[in-house]
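Take a look at the structure set out below.
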Amino acid sequence: MTNLGDLEVFARVISSGSMSTAARDLGLSPAVVSKRIKRLEDRLGTRLLQRTTRQISLTEAGQGFHERVLAVLAGLEEAEAYASGRSSEVAGTLKISAPTSFGRLHIAPHLKAFMEAHPDLAIHLVLTDEFTDIVAGGFDLAIRIAELTDSTLVARRLAPVRRILCASPEYIAVHGMPETIDDLKQHLCLPAHNYDAWKLEGPQGSLSLRPEGRLITNSSEVIREAVIAGLGIALRSTWDVGPELKAGRLVQVLPAFEGSRGVSLSAVYPSRQFLPAKVRLFIDYLAELYGPVPYWEH
């Protein structure tokens, strides 16, 4: 039977990204960590890691093995919590990936209350607008705003996401208010930072529109500032521009059309039989915080 300690070493190497960092975290020498990984590979009869002078990466076999190792370790953590009766007392580090703007606006301000309720738990929050590989990155969970299709992950819907077409009053004063969806072809639009088509739902059902404009950027936050400044019409989430709409700095355009309702705010995590208490507690916290009608819609 494989040594459980070897599995823990293997998981730490992947989450830290290097054997030397894993060795330091575990209080071992790099030579011992390398030996433990080799012993694990020899026992399994397959290579788990591709090693170069600068980095390590999982082989195909290593990828599947890593997913199952995480499930084993998570199950042990959950079993210990259950047996000791401390399922609400968590420790260690919770590593989270979240979209940049949403994380700054709607996760960061609420971390204090959660961390005060769980003083032995550390939070490692990584903000990025790219879809991170949760397993390879060693994340416990990711917060995503999307139409989810990855069946290898478990997803829990946290809140609906409503996206509207909007522009500044200054832009409308100069260019006029579009009356039909076809009118958008005559307007300056601000495409999403990933250049995807706008998927809209209106009175006649679903439609796809590829907006055109003079500003191209890889930053969603630049698009936000641009629409407020009057550079065009944008498709934005209400969680992002709610205060500007309430203050009149933005107005809704073509209110009969909104972004696809298939997009939602979800917490996703690797499929595993036992969900670690720290992950479950954080997801429950966010689900209660946002709710079926999120506070940014009030």
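One hydrophobic cluster, built from ILVMFWY side chains closer than 4.5 Å, cannot hold both Val263 and Leu207; they sit in different ones. Leu254 and Leu245 fall into different hydrophobic clusters, where Ile, Leu, Val, Met, Phe, Trp and Tyr residues are linked whenever their side-chain heavy atoms come under 4.5 Å apart, directly or through other members. Criterion: ILVMFWY side-chain heavy atoms under 4.5 Å apart, direct or through other members. Under it, Val279 and Leu158 are part of a common hydrophobic cluster. Cluster membership check: Val126 shares its hydrophobic cluster with Val268, using side-chain heavy-atom separations under 4.5 Å among Ile, Leu, Val, Met, Phe, Trp and Tyr. Each of Ile164 and Leu188 belongs to its own hydrophobic cluster when Ile, Leu, Val, Met, Phe, Trp and Tyr are linked at side-chain heavy-atom distances under 4.5 angstrom.
The six-membered or imidazole ring of Tyr269 lies away from that of Phe139, with a centre-to-centre distance of 6.0 Å or more.
Contact annotation: the side chain of Glu258 never approaches that of Arg163 to less than 4.5 Å [non-hydrogen atoms, C-beta and beyond]. Ile107 has its side chain within reach of Ile143: a pair of non-hydrogen atoms, C-beta onward, lies under 4.5 Å apart. Side-chain contact between Ser29 and Val32 is present, with at least one heavy-atom pair separated by less than 4.5 Å. Side-chain contact check for Phe65 versus Leu58: every heavy-atom pair is 4.5 Å or farther apart.
We find the CD1-CZ distance between Ile37 and Phe10 to be 6.5 Å, quoted to the nearest 0.5 Å. Annotation: the span from Lys95 atom NZ to Leu141 atom CG amounts to 12.0 Å, rounded to 0.5 Å. The structure places CZ of Phe282 at 10.0 Å from CE of Met115, a figure rounded to the nearest 0.5 Å. The structure places CG of Leu231 at 11.5 Å from CD of Glu170, a figure rounded to the nearest 0.5 Å.
Across all non-hydrogen atoms, the minimal contact from Pro178 to Ile233 is CG-CD1, 4.0 Å. Between Leu165 and Trp198, the shortest heavy-atom distance links the atoms CD2-CZ3, 3.6 Å. Cys166 and Val227 get closest at one heavy-atom pair: O-CG2, 3.5 Å. A pairwise comparison of heavy atoms in Glu244 and Ile228 identifies CG-CD1, 3.6 Å as the closest pair.
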request  = Under the side chain to side chain contact (heavy atoms under 4.5 Å, CB included) rule, what do Phe114 and Leu121 come out as? Steps first, then yes or no, please.
outcome  = CA-CA 9 Å; Phe114 183 78; Leu121 183 67; 3.6 Å; yes
task = Would you sort out whether Arg156 and Asp284 count as a side chain to side chain contact (heavy atoms under 4.5 Å, CB included), showing the intermediate values?
result = CA-CA 10 Å; Arg156 176 174 172 186; Asp284 287 346; 2.6 Å; yes
query = How far apart are the C-alpha atoms of Ser260 and Glu201, what are their side-chain angles, what is the distance that settles it, and do they pass the side chain to side chain contact (heavy atoms under 4.5 Å, CB included) test?
reply = CA-CA 6 Å; Ser260 170; Glu201 295 187 15; 3.8 Å; yes
ask   = What do the steps show when you test Ile96 against His124 for side chain to side chain contact (heavy atoms under 4.5 Å, CB included), and what is the final call?
value = CA-CA 6 Å; Ile96 308 160; His124 182 180; over 6 Å; no
message = Applying ring pair (Phe, Tyr, Trp, His ring centres under 6.0 Å) to His110 and Tyr295, what does each step give before you reach the verdict?
response = CA-CA 13 Å; His110 306 295; Tyr295 59 79; 5.7 Å; yes
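By the neighbour-count criterion of 12 heavy atoms within 6.0 Å, atom CZ of Arg39 is densely surrounded, having more than that number from other residues, nucleotides or ligands. More than 12 heavy atoms of other shown residues, nucleotides or ligands fall within 6.0 angstrom of atom NZ in Lys246. Applying the 6.0 Å contact sphere to CD of Glu212 captures no more than 12 heavy atoms from other residues, nucleotides or ligands. Residue Arg104 places its CZ atom among more than 12 non-hydrogen atoms of other residues, nucleotides or ligands, all under 6.0 Å distant.
In summary, the side chains of Glu41 and Thr46 do not present any donor paired with an acceptor at a separation below 3.5 Å, with no hydrogens or angles considered. Using modelled atom types and a 3.5 Å distance limit, the side chains of Asp240 and Ser237 yield no donor-acceptor pair. Defined by atom type and a distance below 3.5 Å, a donor-acceptor pair is missing between the side-chain atoms of Ser101 and Ser220. Counted by atom type alone, His187 and Tyr171 present one or more donor-acceptor pairs between their side chains at under 3.5 Å.
Between His106 and Trp296, the two ring planes are tilted [angle within 30° to 60°].
Of the possible polar contacts, one joining the Asp129 side chain to the Thr100 backbone as a donor-acceptor pair under 3.5 Å is found.
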